[in-house]
Amino acid sequence: MTDVASIQSTMAALVAQVEAYNYAYFVADNPLVPDSEYDRVYQALVKLEHAYPAYRLPYSPTMRVGGTKAASFRPVHHTVPMLSLDNAFSDEEVLAFAQRLSERLKTGGMDVDANLAFAAEPKLDGLAVSLSYYQGEFIQGSTRGDGQTGEDITANLKTIRTIPLKLHGAKIPGVLEVRGEVFMTKGGLSALNKRQKDIGDKVFANPRNAAAGSLRQLDPEITRLRPLQFFAYGLGQVQNWPMPTTHSQVMAQLSAWGIPVPPISAVVQGIAGCLRYYYDLQSKRDQLPYDIDGVVYKVDDLRYQQALGFVTRAPRFAIAHKFPAEEQLTQVLAIDFQVGRTGTLTPVAHLSPVLVGGVHVSNATLHNIGEARRKDVRVSDTVIVRRAGDVIPEIVSVLIDRRVPGAPVLELPPVCPVCGGRVVKPETMAAARCSAGLSCPAQLRESLQHFVSRKAMAIDGIGDKWIEQWVEKGLVHNPSDFYHLTLTSLLQCDRMAEKSAQNILHAIEASKQTTLARFLYALGIREVGEATAKALADHFLTLEAILAAEVETLQQVPDVGPVVAEALYLFCHTEANLKVIQALRAAGVSWPRVSVDAIGANPFKAKTVVLTGTLAQLSREEAIERLQRLGAKVTGSVTRKTTWVVVGANAGSKLARATELGIEILTEADFLTKLRDSEQSYA
Ligand code: IVH
């Protein structure tokens, strides 16, 4: 082999290797090698290309980085126009669509089954793009534009790592245009918005804006840093390819060539199948990693599609069945301030009731006074409210041109609306707080609820109503008072039966045995959530060490930054808090002392455990909770990274997989022994 040939073949092999790793990592979600190995191969390729730039392959993964900044986007003519879709907002409209189809097909002399097959797909909420492949190589990508002419965003699209630069497999058409949606996952969007906020840049209101804003960047380096994804949903121009007979086959073929397609598509029968798919997906919508605004039904048979044809802007063979809107217009009737556990004053807007995403909404949070002022929400304003998933409804923005003249600007109340305590708002903070601490009944109530909650001291049976009464009757002034409640004092309460009182006392007694992490979390220290409490306990091992730590020492704990450290330090140096801690310990609240030498040896720490089959002695939830408390990670599938597979009755494929991979198997008895031993020392 000549030198040139050997350089070229090494380069091609490295390209193939990196692309295979990329595909496994980004598309199949199943990394083949650790990041270090990926970096090694990638760097070898970069080095070789640097030494021999003339041989750099146009589809090399290194082409995904950067590129030159464009002055503007070149126009691209779509030979096959990029169409839009008709919408249906109700089951009836979908039914009418199906009837139109059958009639048209029958008039055309086609014999259609009542149960016509449809390809049902999620309707992704992003930006439509067209990708052109020439002999399997990605050569050009464009936006939809007006459907006839779009913009050339090739360099930007190349930065999206799930878009293959070269297709794999056989019988790839000479010319292939793939149509699909570029979008951002919910997680990607919130991470991006957090970053944008940190650097003082604009945040995106929704994933569509974020995808569009990221793709239409003249500098591809910016696009590269945006977490964009792509799913195909159809074809544009195709040459030299024997077309399959159905849309679903086309999609399967695209996927086989390495192009991402939505994993939740399905072929369904008739209108009943379509509606079943719709309602099923609607119920799962919140759990999907990306936003969808409905589903799309497409007649699956391509001969029928052809016969049905198009109206001006949309195909007759497809329709988008939209989910109920998650944004609505309404009016602000009033704004008041609620006081939370740490005294934060949260402005809440009371709205003229509206149906948002299928749910009645009459209140929306404004998060904090800083946010409320930024959005400039005023009483009587017309606003856009949004409800997505389980999240609390929020006000997206105000329609300024509908504002009633003279509507007054929202003011912070001078004193706490609950206790009349002083309200403070440091210049640098967005939130205002009531400074009265536990002497403010609202803060006391919220703190007590937090103290007994499941992830804190886990005292069962103490609902909000009891806490309210105990605070009102003066039975409980701080968390340590729970431990001084007696049967007599409880029986003074309205509607308290002796049995419930006994159960409550029992639960309170049982909660005395806890862990340092739970105890810290239960104290309700500002900025110290469950994970931080755990990190603090793992790092310092004793409460005394935390109480004595300086701000700088606290910051040595992973994830503890200056804000958390300050809040914690302040808490630990406030007399009233130390008194409560002392009173709790005096009442008998305690946790196992951990020997400093032993901590490194906790056998579950940072291990990955899979549970399979039915466990006889404890529930799955309990097993997971106890493992997590010991620092283990519990996962659902057995991989090479799994440390132990715990096997209960009737274990199936996971056991087989563990055996195949040579993973250590624990019987329930082995597991319980190990668990208890570890808990004695480390939990
Ligand atoms: S098919 C000829 N399928 O929705 C048919 N479109 O409202 C063209 N969209 O411009 C579109 N998910 O950007 C189709 N599964 C899907 C889709 C989808 C999202 C977008 C697409 C289109 C818009 C029409």
Side-chain angles (χ1 to χ4, degrees), residues 76 78-89 93-94 97 101 118-131 141-151 153 157 160 162-163 177-185 206-216 228-238 243 246-252 254-255 259-268 274 277-278 281-282 285 288-302 304-323 325:
V76 174
H78 300 301
T79 313
V80 175
M82 288 183 77
L83 299 176
S84 186
L85 288 170
D86 263 350
N87 291 320
F89 295 96
E93 287 175 32
V94 177
F97 156 75
L101 285 183
F118 289 93
E121 298 172 349
K123 185 168 192 297
L124 298 150
D125 201 9
L127 197 77
V129 298
S130 184
L131 311 176
S142 52
T143 60
R144 173 168 179 269
D146 62 6
Q148 302 291 335
T149 310
E151 290 174 317
I153 51 163
L157 288 168
I160 301 177
T162 54
I163 294 180
E177 230 182 295
V178 178
R179 302 274 164 87
E181 197 87 348
V182 169
F183 62 98
M184 220 176 253
T185 59
N206 57 49
R208 188 183 39 252
N209 290 356
S214 302
L215 267 185
R216 298 195 68 265
L228 295 169
Q229 306 262 349
F230 171 81
F231 276 147
Y233 53 64
L235 294 178
Q237 223 194 138
V238 191
M243 267 288 205
T246 64
H247 173 78
S248 49
Q249 285 165 358
V250 170
M251 299 308 284
L254 291 182
S255 174
I259 296 169
V261 299
I264 46 175
S265 307
V267 176
V268 298
C274 288
Y277 179 86
Y278 175 88
L281 209 54
Q282 189 178 9
R285 182 183 185 186
L288 290 178
Y290 38 79
D291 264 319
I292 58 176
D293 53 1
V295 305
V296 182
Y297 312 123
K298 300 171 182 169
V299 172
D300 198 30
D301 192 316
L302 295 179
Y304 289 161
Q305 282 199 7
Q306 186 129 46
L308 288 160
F310 303 86
V311 285
T312 348
R313 285 185 59 244
R316 281 201 194 87
F317 55 79
I319 200 160
H321 189 183
K322 302 291 276 280
F323 289 140

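As the structure is a prediction and not an experimental result, all values here were calculated from the model. For ligands, and for the atoms within them, numbers begin at 1 and follow the listed sequence. We count residues from 1, following the sequence as given.
The shortest distance between side-chain heavy atoms of L228 and F230 does not fall below 4.5 Å. Inter-residue side-chain proximity for V178 and V129 is flagged as unmet; no heavy-atom pair is nearer than 4.5 Å.
Of all protein heavy atoms, the one lying nearest to atom 8 (C) of ligand 1 is L83 O, 3.9 Å. Protein heavy atom in closest approach to atom 24 (C) of ligand 1: L85 N, 3.6 Å. With respect to atom 4 (O) of ligand 1, the closest heavy atom belonging to the protein is K123 NZ, 3.1 Å. Here the heavy atom of the protein found nearest to atom 21 (C) of ligand 1 is Y233 OH, 3.1 Å. Taking atom 2 (C) of ligand 1 as the reference point, the nearest protein heavy-atom neighbour is P315 CG, 3.6 Å.
For an aromatic pair to be called close, the ring centres must be under 6.0 Å apart, and Y290 with F231 satisfies this. Between F317 and Y304, the ring center distance fails the sub-6.0 Å criterion.
For F317, no nitrogen or oxygen atom sits less than 3.5 Å from a nitrogen or oxygen atom of ligand 1, counting backbone and side chain alike. Residue P122 has at least one N or O atom closer than 3.5 Å to an N or O atom of ligand 1.
Listed by number with element, the atoms of ligand 1 under 4.0 Å from a non-hydrogen atom of E121 are 3 (N), 15 (N), 16 (C). Using a 4.0 Å cut-off to heavy atoms of E181, the atoms of ligand 1 that qualify are 9 (N), 13 (O), 19 (C), 20 (C), 21 (C). Residue L124 approaches ligand 1 through these ligand atoms, each under 4.0 Å from one of its heavy atoms: 12 (N), 19 (C).
With hydrogens and angles disregarded, a donor-acceptor distance shorter than 3.5 Å links the side chain of Q305 to the backbone of V299. When atom types are taken as modelled, the side chain of Y278 and the backbone of K322 share a donor-acceptor pair closer than 3.5 angstrom. Not one N or O on the side chain of K298 forms a donor-acceptor pair closer than 3.5 Å with the backbone of G234.
The number of heavy atoms from other shown groups lying within 6.0 Å of CD (Q237) is above 12.
Residue-ligand proximity: K298 is placed with a non-hydrogen atom under 4.0 Å from ligand 1. Contact between A320 and ligand 1 is absent, with no heavy atom of the residue lying under 4.0 Å from the ligand.
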